[in-house]
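All values below were derived from every heavy atom in this structure, side-chain atoms included, with hydrogens, water molecules and symmetry-related copies excluded.
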Amino acid sequence: MKFVLFLSIVLTTVEAFVVPKYSLSHGNRASRKLHLASTPSGGPNGKPATSSEEDLMLTRQIIMGHFNKDIDNFEDENLDSPMKAADVAPKYTVPDRPSNDLMIRAALGREPVERTPVWLFRQAGRHLPEYRDYKEKTGRSFLDMLRYPEDVAECTLQPLRRYPVDAAILFSDILVIAEALNIEVTMPGGVGIQVPNPLAGPEDVATRIPSIDDIGPHFIQEKMGVILDSVKLIRQKMKGENIDIPLIGFSGAPFTLMFYMIGGSSRKNTDVGMKWLNDYPEQSQQLLQVLTKIIIEYMSAQVEAGAHMLQLFEAMGMMLKEKEFFDFAMPCLEKIATELKKRYPDVPLMVFTRGACCANERLSHFGFDVVTMDGDVDRSTARAAVGDRCGLQGNYDPSELIMENGKTAETVRDTARALIDELGPQRLIANLGEGLGGKESTELVKVFVDTIHEYSESKIKESR
């Protein structure tokens with residue numbers, strides 16, 4: 001509009017002054033310079049204007065030509081700018097469904113399934129001998145491997161070669177978001193992941209954390225592009241090995257990330273979350289809002305890179321009292337669910353509020369397709385809590401998979417069948433109540449996966 005208004009003023013001025021004062025017929029040098037800038041000989045086809053009217057027409061054509069080029073250049077240059085991008089509604093895309101879409105169908109709950117799908121929290125990683133061998137071969141730490149898409153892809157695929165699970169999950173860590181926000185993350189060994197320089201006080205939220213206005217797709221690509229490259233490579237490798245199951249992308253949830261960023265570790269300063277929320281509610285909300293936005297954009301980027309499903313982990317829910325969890329953590333979870341389901345209604349969204357499953361009933365109203373039960377959830381009431389609003393995931397005890405605990409293939413079969421009997425085979429994703437810790441037997445893990453498939457399929461056939 002500014003160009004059009006300015007052009008109108010210029011042309012009006014030309015009409016008022018060019019004919020009587022600057023006509024080529026009068027030999028004025030200024031007018032000749034204007035024409036000669038575009039037409040070497042003055043007029044069209046090298047011929048000078050023969051009248052004031054033709055001079056005016058030529059002047060109009062030259063000015064219009066320059067402005068059309070300027071407008072085109074302006075639009076081309078600004079289409080990719082943040083301002084222009086914000087004005088254009090983004091287009092969201094989802095990957096094609098894999099041939100084995102059992103887990104997607106079970107999560108969305110739009111149709112019955114032929115058997116209960118199963119996957120495992122931390123199915124990739126330290127309980128696998130091939131993972132330990134690969135890690136030793138690379139000479140890299142867990143965190144270092146996350147910077148190499150080839151390592152990430154290999155570790156993601158390892159459990160798929162060993163177990164007939166119904167989904168892969170990106171080999172990564174929840175604290176990659178903290179790193180993207182300029183928070184150092186280390187893994188010195190033997191003590192878990194550490195944040196050596198956590199936010200010291202509320203003033204650090206303003207001075208150390210990027211503004212919420214800086215968070216968008218461009219930020220994710222710049223700071224977390226290697227993870228998105230890993231997602232793409234995983235999909236390529238899965239195709240190359242003829243493994244056609246969903247890939248799950250994931251993220252830590254806002255309070256869990258905040259807990260690490262202010263406390264530095266999961267094993268110390270366990271009351272720091274409560275202290276911040278009560279002592280610095282304004283800065284806590286500010287930090288949670290930034291984390292909520294980056295999680296939405298990060299999980300969206302994973303879908304765009306090829307993830308079929310999404311899992312949100314509020315892994316430190318037990319560090320809050322119920323009131324604080326509902327007042328501070330829940331609004332963030334609701335915002336994430338609302339926005340992601342708006343963008344990707346057909347991409348299953350799962351949530352796990354470990355240690356705070358008292359929230360499952362409320363979460364079932366937010367749009368999550370699946371809520372997860374930890375080991376403390378009473379299976380006899382779990383269905384009633386969520387009704388038909390969403391499906392359930394969990395909550396097998398991983399200690400049942402450790403031979404040193406006296407567990408055997410037969411005990412695993414018995415406890416796996418009990419999971420199906422107590423929760424039913426439909427609208428269920430069989431999983432654990434917490435992640436594999438590293439001591440589990442690969443033999444018993446396979447027995448668990450096989451039993452879930454076989455027993456659930458027989459139960460479904462019996463009910464028909």
Answer yes when Glu203 and Arg208 have at least one side-chain N-carboxylate O distance shorter than 4.0 Å, and no when they do not. no
Gln194 and Thr186: side-chain donor and acceptor closer than 3.5 Å? no
Phe366 and Phe368 aromatic ring geometry - parallel, tilted or perpendicular at 30°/60° bounds: tilted
Is there side-chain contact between Thr116 and His453, with heavy atoms separated by less than 4.5 Å? no
Taking all atoms of both residues into account, what is the closest heavy-atom pair of Ala168 and Leu160, and its distance? CB-CD1, 3.6 Å
What do the steps show when you test Met145 against Val152 for side-chain contact (heavy atoms from CB on, under 4.5 Å), and what is the final call? CA-CA 7 Å; Met145 286 198 296; Val152 172; 5.8 Å; no
Quick one: do Lys137 and Glu130 make a salt bridge, cutoff under 4.0 Å? no
Any chance CD of Glu111 has more than 12 other-residue heavy atoms, nucleotides or ligands included, within less than 6.0 Å? yes
What is the distance from atom OG of Ser456 to atom CG of Leu419, rounded to the nearest 0.5 Å? 10.0 Å
If we only count heavy atoms from C-beta on, is the Asp421 to Tyr455 side-chain gap below 4.5 Å? yes
Does atom CD of Glu462 have more than 12 heavy-atom neighbours from other groups under 6.0 Å away? yes
Do Leu170 and Ile227 pass the side-chain contact (heavy atoms from CB on, under 4.5 Å) test, and can you show the C-alpha distance, the side-chain angles, and the key distance before you say yes or no? CA-CA 9 Å; Leu170 170 68; Ile227 303 173; 3.9 Å; yes
Could you check if a side-chain atom of Trp276 sits within less than 4.5 angstrom of a side-chain atom of Phe328, using non-hydrogen atoms only? no
For atom CZ of Phe326, decide whether the heavy atoms of other residues, nucleotides or ligands shown that lie under 6.0 angstrom number more than 12. yes
Could you grab the distance from atom CE of Met187 to atom CG of Asp173, nearest 0.5 Å is fine? 7.5 Å
Where is the tightest heavy-atom contact between Ile174 and Leu257, given as atom of each residue plus distance? O-CD2, 3.2 Å
Side-chain heavy-atom pair Thr451, Arg417 within 4.5 angstrom cut-off: yes
Can any side-chain N or O of Glu440 pair as donor or acceptor with the backbone N or O of Gly438 at less than 3.5 Å? yes
Residue from Ile452, Leu444, Val445 passing side-chain contact (heavy atoms from CB on, under 4.5 Å) with Phe448: Ile452
From CA spacing to verdict: side-chain contact (heavy atoms from CB on, under 4.5 Å), Met350, Ile248: CA-CA 10 Å; Met350 305 176 287; Ile248 303 170; 4.1 Å; yes
I need the minimum non-hydrogen distance between Pro246 and His308, along with the two atoms involved. CA-ND1, 3.5 Å
Could you check whether any side-chain N or O of Lys232 sits under 3.5 Å from a backbone N or O of Ala305, counting only pairs where one atom can act as donor and the other as acceptor? no
Given side chains that start at C-beta, do those of Thr353 and Met330 come closer than 4.5 Å, heavy atoms only? no
Looking only at atom types and distance, does a side-chain atom of Gln123 sit under 3.5 Å from a main-chain N or O of Ala167, one as donor and one as acceptor? yes
Would you check if the side chain of Thr256 reaches a backbone N or O of Gly252 as a donor-acceptor pair within less than 3.5 Å? no
Polar contact flag, side-chain donor to acceptor under 3.5 angstrom, Glu361-His365: yes
Tell me if the aromatic rings of Phe250 and Phe313 count as close, with their centers under 6.0 Å from one another. yes
Compare every heavy atom of Val447 with every heavy atom of Ala409, then report the nearest pair and how far apart it is. O-CG1, 3.6 Å
If the plane angle is over 60° it's perpendicular, under 30° parallel, otherwise tilted; pick one for Phe255 and Phe259. tilted
Please check if the number of heavy atoms outside Lys407 that lie under 6.0 Å from its NZ is greater than 12. yes
Heavy-atom side-chain contact between Pro210 and Leu181 under 4.5 Å: yes
Please check this pair: side chain of Arg147 against backbone of Leu143, looking for a donor-acceptor N/O pair closer than 3.5 Å. yes
Rounded to the nearest 0.5 Å, what separation is found between the CD1 atom of Ile295 and the SG atom of Cys332? 8.0 Å
Treating Arg383 as the side-chain partner and Leu423 as the backbone partner, does any N or O pair qualify as donor plus acceptor under 3.5 Å? yes
Looking at every heavy atom in both Arg110 and Pro345, which two are closest together, and how far apart are they? NH2-O, 3.4 Å
Output the distance between atom CZ (Arg115) and atom CD (Glu457), rounded to the nearest 0.5 Å. 6.0 Å
Keeping the roles fixed (side chain from Asp244, backbone from Lys239), state whether a donor-acceptor pair exists under 3.5 Å. no
Are Ser141 and Asp144 close enough that a side-chain donor and a side-chain acceptor fall under 3.5 Å? yes
Within-4.5 Å side-chain heavy-atom neighbours: Phe325 and Leu333: yes
For residues 294-304, pull every pair meeting side chain to side chain donor-acceptor pair (under 3.5 Å), keeping only residues two or more places apart or in separate chains. Thr93-Glu304, Glu297-Arg343, Ser300-Arg343, Glu304-Tyr344
For residues Met403 and Glu443, report the shortest heavy-atom separation together with the two atoms involved. CE-OE1, 3.4 Å
Would you give the length of the straight line joining atom CE of Met373 to atom CG of Leu432, rounded to the nearest 0.5 angstrom? 11.0 Å
Polar contact flag, side-chain donor to acceptor under 3.5 angstrom, Gln158-Glu154: yes
Any pair counted as salt bridge (Lys or Arg N to Asp or Glu O under 4.0 Å), so long as it reaches residues 317-333, sequence neighbours left out: Lys323-Asp327
Between Tyr163 and Asp450, is any side-chain donor less than 3.5 angstrom from a side-chain acceptor? no
If only atom types and distance count, is the side chain of Lys293 paired as donor or acceptor with the main-chain N or O of Ile215 below 3.5 Å? yes
Taking only Lys NZ, Arg NE, NH1 and NH2, and the carboxylate oxygens of Asp or Glu, determine whether Arg105 and Glu114 approach each other closer than 4.0 Å. yes
Give a yes or no on whether the backbone of Gly306 and the side-chain of Arg235 come within a donor-acceptor separation of less than 3.5 Å. yes
Report yes or no: does Arg389 contribute a side-chain atom to a donor-acceptor pair with the main-chain N or O of Ala385 at less than 3.5 Å? yes
Decide yes or no on side-chain contact (heavy atoms from CB on, under 4.5 Å) for Met103 and Ile245, but give the supporting numbers first. CA-CA 9 Å; Met103 218 169 89; Ile245 57 178; over 6 Å; no
Any pair counted as side chain to side chain donor-acceptor pair (under 3.5 Å), so long as it reaches residues 366-378, sequence neighbours left out: Lys341-Asp369, Thr372-Gln393, Asp378-Ser380
Identify whether the distance between the nearest side-chain nitrogen and carboxylate oxygen of Asp101 and Arg97 falls below 4.0 Å. yes
Is any side-chain heavy atom of Pro254 closer than 4.5 Å to one of Ile336? yes
Interatomic distance, OG1@Thr415 vs OH@Tyr396, rounded to 0.5 Å, equals 2.5 Å
